[in-house]
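Working notes for the structure below.
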Amino acid sequence: MKFIVGLTGGIGSGKSAVAAIFRELGIKVVDADIAARKVVELGTPALEAIARHFGKKVLQANQTLDRAALRKIVFDNEQERFWLEQLLHPAIGDWLASELASADSPYAILESPLLLETSQHKMINRALVVDVAEQVQIDRACARDGNTAEQIKAIIATQMSRELRIERADDVIDNNGALDALVDPVQRLHKKYLHAANEMAGNNP
């Protein structure tokens, strides 16, 4: 059994920057955003079900998923969002479990924006939250994605609150400063996780 660390945080928090440092340390990082794309690729059962349910308006000319069109539908309709989540979450979970099981590093990271909001938290041994102030989230996400502050605030409103996310965390990294300030806390946690992984594997005396 592999020791799994769940990595999460709100939009613009810096999850990807933290994940990149773990990768540089030789740790396998499994990204739930990639899983979400994989399970709706052309020819998958999930894409066929989505096309049947929503119609051709959610498909591009090449029959691949028009993610923007689908996002608009489900963002405005809670019932449709629930239907989509019921379809995709099990498929995403299966993909993640397979990737995590095949990791050849001492422990693995599950990077997911919805780690604590979904059953994905059941797959991990520890939850690591990257935390920033809401205004920092807004500023960074606007600069990165070209969205307006109002759009980012609407996304933040759909995510778990900062306070609850921290409450459910086992470890927290403060990312309100410069990106290079992330290296030291990640390296400290890396040593901690290596020790925990060794203990789980029965390698400690």
Separation between [atom1] of [X] and [atom2] of [Y], rounded to the nearest 0.5 Å:
X      : Y      : atom1 : atom2 : value
Arg126 : Leu189 : CZ    : CG    : 8.5 Å
Leu194 : Glu199 : CG    : CD    : 12.0 Å
Leu42  : Gln60  : CG    : CD    : 11.0 Å
Ile50  : Leu59  : CD1   : CG    : 9.0 Å
Leu110 : Thr8   : CG    : OG1   : 9.0 Å
Arg23  : Ser16  : CZ    : OG    : 7.5 Å

State, yes or no, whether a side-chain contact exists between [X] and [Y] at a heavy-atom distance under 4.5 Å.
X      : Y      : result
Arg81  : Glu78  : yes
Ile138 : Gln135 : yes
Asp171 : Val5   : no
Arg37  : Asp31  : no
His53  : Glu80  : yes
Thr148 : Cys142 : no
Arg67  : Val40  : yes
Thr118 : Glu85  : no

Open item on the list: One pair to check against side chain to side chain contact (heavy atoms under 4.5 Å, CB included): Ile109 and Lys28. What are the steps and the verdict?
Closed with: CA-CA 6 Å; Ile109 300 276; Lys28 170 78 175 278; over 6 Å; no
Task: Salt-bridge contact Asp76-Lys72 (side-chain N to carboxylate O under 4.0 Å) - done: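 A salt bridge is present here (some side-chain N lies under 4.0 Å from a carboxylate O).
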Task: Check ion pair Arg165-Asp131 (N to O, under 4.0 angstrom) - done: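 Judged by the 4.0 Å cut-off on N to carboxylate O distance, Arg165 and Asp131 do not form a salt bridge.
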Following the transitive rule for hydrophobic clusters with a side-chain heavy-atom cut-off under 4.5 Å over Ile, Leu, Val, Met, Phe, Trp and Tyr, establish whether [X] and [Y] coincide in one cluster.
X      : Y      : answer
Ile4   : Leu128 : no
Val129 : Ile21  : no
Val74  : Leu114 : no
Ile173 : Ile166 : no
Leu116 : Val30  : yes

Task: Side-chain donor-acceptor contact under 3.5 Å, Gln120 with His89 - done: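 No, His89 and Gln120 have no side-chain donor paired with an acceptor closer than 3.5 Å.
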Tell me whether [X] contacts the main-chain N or O of [Y] through its side chain, where contact means a donor paired with an acceptor under 3.5 Å.
X      : Y      : value
Glu117 : Met160 : yes
Glu111 : Val29  : no
Ser161 : Leu164 : yes

Task: Closest approach of Leu88 to Ala46 (non-hydrogen atoms, all atoms of both residues) - done: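 Scanning both residues completely, I find the closest heavy atoms to be CD2-CB, 3.9 Å.
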TODO: Would you please name every residue forming a ring pair (Phe, Tyr, Trp, His ring centres under 6.0 Å) with Phe54, sequence neighbours left out?
DONE: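 Residues passing ring pair (Phe, Tyr, Trp, His ring centres under 6.0 Å) with Phe54: Trp83.
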Task: side chain to side chain contact (heavy atoms under 4.5 Å, CB included) between Thr44 and Glu48, intermediate numbers included - done: CA-CA 7 Å; Thr44 58; Glu48 292 172 8; over 6 Å; no
TODO: Evaluate whether atom NZ of Lys2 has more than 12 neighbouring non-hydrogen atoms of other residues, nucleotides or ligands under 6.0 angstrom away.
DONE: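 Enclosed: over 12 neighbouring heavy atoms sit under 6.0 Å from NZ of Lys2.
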Task: Flag if over 12 foreign heavy atoms under 6.0 Å of NZ, Lys57 - done: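 For Lys57, atom NZ is crowded (more than 12 foreign heavy atoms under 6.0 Å).
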Output side-chain donor-acceptor pairs under 3.5 Å for residues 93-103, partner residues at least two apart or in another chain, one line each.
residue, atom, partner, partner atom, Å
Ser102, OG, Ser98, O, 3.4
Ser102, OG, Glu99, O, 2.9

Task: side-chain hydrogen bond (donor to acceptor under 3.5 Å, both in side chains) contacts in which one or both residues fall within residues 179-190, not counting sequence neighbours - done: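 Non-adjacent pairs meeting side-chain hydrogen bond (donor to acceptor under 3.5 Å, both in side chains): Tyr107-His190.
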